[in-house]
Amino acid sequence: MTAPTYSILIPVYNEEPVLPTLFPRLDALVAGLDAPCEVLLIDDGSRDRSAELIRAALPTRPWLRLLRFARNFGHQAALTAGYDHALGAAVVCLDADLQDPPEVILEMAKRWREGFEVVYGVRTKRQGETPFKKFTAWAYYRTMRSLAKVDLPVDAGDFRLMDRKAVDALKQVRERSRYLRGLVAWIGFRQCAVPYDRAERFAGETKYPLRKMLRLAFDGILSFSSVPLRIALILGFVVSVLSILAGLAAIVVKLGGWYTVDGWTSLAVLVCFIGGVQLTVMGIIGEYISRIYDEVKARPLYLVAENAGGAA
Ligand code: UDP
Ligand code: MG
């Protein structure tokens with residue numbers, strides 16, 4: 001088999017209800033693209049019948065490949081595996097739940113042919129998402145932009161097309177706490193945006209509960225910014241100055257003979273406040289240390305249990 005022009009990566013985690021609709025959409029997409037294409041489904045340790053459904057679809061679709069993980073390694077790891085195994089000259093990431101309309105890829109391919117090396121989708125509308133998710137996403141992208149030193153595009157998710165050159169550059173970045181949106185911004189290259197309306201999840205529920213979302217959010221901030229550490233330092237400094245002033249005031253009060261025993265309230269307040277600040281600061285430092293520990297262990301980012309379909 002000659003190398004395909006396009007590789008389409010789709011992470012799949014417990015997406016059984018979506019798959020029967022995904023395949024016809026992919027058939028249409030493959031037929032509509034202007035060059036040969038492969039579709040790589042990365043089964044991120046699904047506990048439902050996703051892998052079986054994909055395996056059943058393989059024989060009739062020579063362009064389809066399945067990469068099954070040994071367990072759930074997470075969305076960002078699945079995309080990383082996709083980038084590692086993709087053969088195409090242009091690589092596109094897509095959500096399995098049809099939230100990112102496959103048709104937008106045609107638009108992205110056009111910009112790629114114009115010479116852009118990274119073409120990312122920017123969500124103009126988000127249908128069917130809660131006001132909470134919309135607000136937190138809105139606030140997060142803006143906070144992240146002001147904290148991080150990379151030029152992170154606002155409202156861009158993982159729906160993007162990358163040229164082979166950019167993919168090879170990204171593959172060299174092997175850090176553990178992966179925040180691909182940040183890493184893609186970091187590698188540079190000629191980038192451009194394609195606006196699109198984000199559709200509603202087709203079926204099933206979101207695989208990004210609040211816990212995973214917070215983890216991704218923290219990974220993003222902590223791996224691209226040392227501002228939190230600086231905040232810790234400034235906070236520590238301000239509190240130390242205040243405590244020194246309070247100490248001096250206590251001595252003056254004592255020497256002046258205005259001393260009364262009922263000063264314990266302010267003392268208790270001060271002790272609690274300083275204790276609280278110390279714990280916060282240590283927590284922030286701990287977050288960085290735990291990430292350093294993860295990097296030092298240097299475990300693989302994912303483990304592949306099955307590689308089927310396509311040329312494999
Ligand atoms: N996903 C994954 N592993 C996970 C969580 C999610 O591979 O641990 C996949 C999921 O199957 C989907 C994509 O990542 O294709 C995005 O997840 P989802 O649509 O649930 O996120 P949302 O769009 O709600 O942010
Ligand atoms: Mg989704």
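Note that ligands are numbered from 1 as they come in the structure, with each ligand's atoms numbered from 1 the same way. We count residues from 1, following the sequence as given.
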Can a salt bridge be assigned to the pair [X] and [Y] using a cut-off of 4.0 Å between side-chain N and carboxylate O?
X	Y	value
Arg190	Glu117	no
Arg291	Glu287	yes
Glu52	Arg55	no
Asp158	Arg181	yes
Asp294	Lys297	yes
Asp27	Arg61	yes

In chain-and-number order, ligand 1 lies under 4.0 Å from a heavy atom of each of Pro11, Val12, Tyr13, Glu15, Asp44, Asn72, Gly74, His75, Asp95, Ala96, Asp97, Gln99, Lys133, Arg198, Arg201, Thr206, Lys207, Tyr208, Lys212

Checking side-chain polar atoms at under 3.5 Å, does [X] have a donor or acceptor matched by the opposite partner on [Y]?
X	Y	result
Asp84	Tyr302	yes
Asp34	Tyr6	yes
Glu15	Ser50	no

Are there any protein N/O/S atoms under 2.8 Å from the Mg ion (ligand 2), and if so, which?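 Counting only protein N, O or S atoms under 2.8 Å from the Mg ion (ligand 2), the list reads Asp97 OD2, Gln99 OE1.
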
